[in-house]
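In what follows, every heavy atom counts, from backbone to side chain, and hydrogens, waters and symmetry copies are set aside.
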Amino acid sequence: MNNKIPVFVGALFLVVIAASTFVVGLSVGKKSDLQPGTPAPTLADAKPLPPVTIVPGPGDQQIDAIRRGAPIDQEIPPPAMAKVENTDVKRNRAYPMQPPTIPHSIDNYQVDLNSNRCLLCHARANADKFQAPPVSVTHYMDRDDQFLATISPRRYFCNQCHVVQTDAKPLVANTFKDIDTVLSNEREKAN
């Protein structure tokens with residue numbers, strides 16, 4: 001550690017010398033462009049730049065899709081709150097290891113250091129009794145892939161990854177296709 005400090009100071013010194021040499025070289029080069037006997041230009045000699053005119057195009061008043069087409073200088077009412085789909089029907093996952101969404105309401109569920117309401121139904125011991133899918137085995141592994149007897153502290157707060165399903169309309173168009181769709185399209189093209 002002690003040897004690194006002098007090396008760092010020496011490198012910093014060389015950078016400062018190189019930068020100052022570069023700046024002096026620029027100023028000397030600009031002065032040499034002048035005719036002999038001509039005074040150096042000053043700030044008062046500088047000509048103002050012409051004003052920039054922005055030609056508005058279609059959608060220039062639009063910041064993003066969340067404003068729903070409203071101009072940026074207008075206040076708009078917020079959209080209605082999305083309703084939670086309480087159908088207990090699992091949605092398909094779009095990609096491997098995607099956290100599944102929650103197919104029921106979780107209003108007033110307590111998930112904190114003292115209690116996790118989700119585990120009442122989804123813990124391995126209770127999943128059969130409540131006919132709920134058990135928590136994945138990955139949630140019982142620590143960061144070194146060692147299995148634990150209880151849920152890993154890294155996976156204890158369910159809402160970090162899992163969200164409830166709602167009837168909300170997408171704010172931005174989405175053209176994502178899962179791998180199964182892409183592969184089936186490729187097979188159809190090949191035939």
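Aromatic ring pairs are classed by plane angle as parallel below 30°, tilted from 30° to 60° and perpendicular above 60°; the pair F176 and Y95 is perpendicular.
Following chains of ILVMFWY side-chain contacts shorter than 4.5 Å, one cannot reach F157 starting from V164, and the two form parts of different hydrophobic clusters. No continuous path of hydrophobic side-chain contacts links L120 to V111 [ILVMFWY only; heavy atoms under 4.5 Å]. The cluster map of Ile, Leu, Val, Met, Phe, Trp and Tyr, joined by side-chain heavy atoms under 4.5 Å apart, puts V84 and I106 in the same cluster.
Atoms CE and OG, from M97 and S136 in turn, are 6.5 Å apart once rounded to the nearest 0.5 Å. Rounding to the nearest 0.5 angstrom, the gap separating the NE2 atom in H122 from the CG atom in N116 is 10.0 Å. Annotation: the span from T166 atom OG1 to M81 atom CE amounts to 9.5 Å, rounded to 0.5 Å. Taken from SG in C118 to CD in Q110, the straight-line distance is 11.0 Å, to the nearest 0.5 Å. Atom CD1 in I179 sits 12.0 Å away from atom NZ in K177 (nearest 0.5 Å).
In terms of heavy atoms, K83 sits closest to D167 at N-OD1, 2.8 Å. Between H162 and P100, the shortest heavy-atom distance links the atoms ND1-O, 2.7 Å. The shortest heavy-atom contact between A127 and P133 is CB-C, 4.4 Å. Heavy atoms only, all atoms of each residue included: E85 and R91 are closest at OE1-NH2, 3.1 Å.
Under a 3.5 Å cut-off, the side chain of Q165 and the backbone N or O of T87 do not form any donor-acceptor pair. Between the Y156 side chain and the D112 main chain, a donor and an acceptor come within less than 3.5 Å of each other. Judged by distance alone, the side chain of N191 and the main-chain N or O of R187 form a donor-acceptor pair under 3.5 Å.
Within a 6.0 Å radius of CG in N92, no more than 12 heavy atoms belonging to other residues, nucleotides or ligands are found.
Looking at L183, V182, T181 one by one, the single match for side-chain contact (heavy atoms from CB on, under 4.5 Å) with N185 turns out to be T181. When L148, I151, T150, L119 are each tested for a side-chain contact (heavy atoms from CB on, under 4.5 Å) with H139, only one passes: I151.
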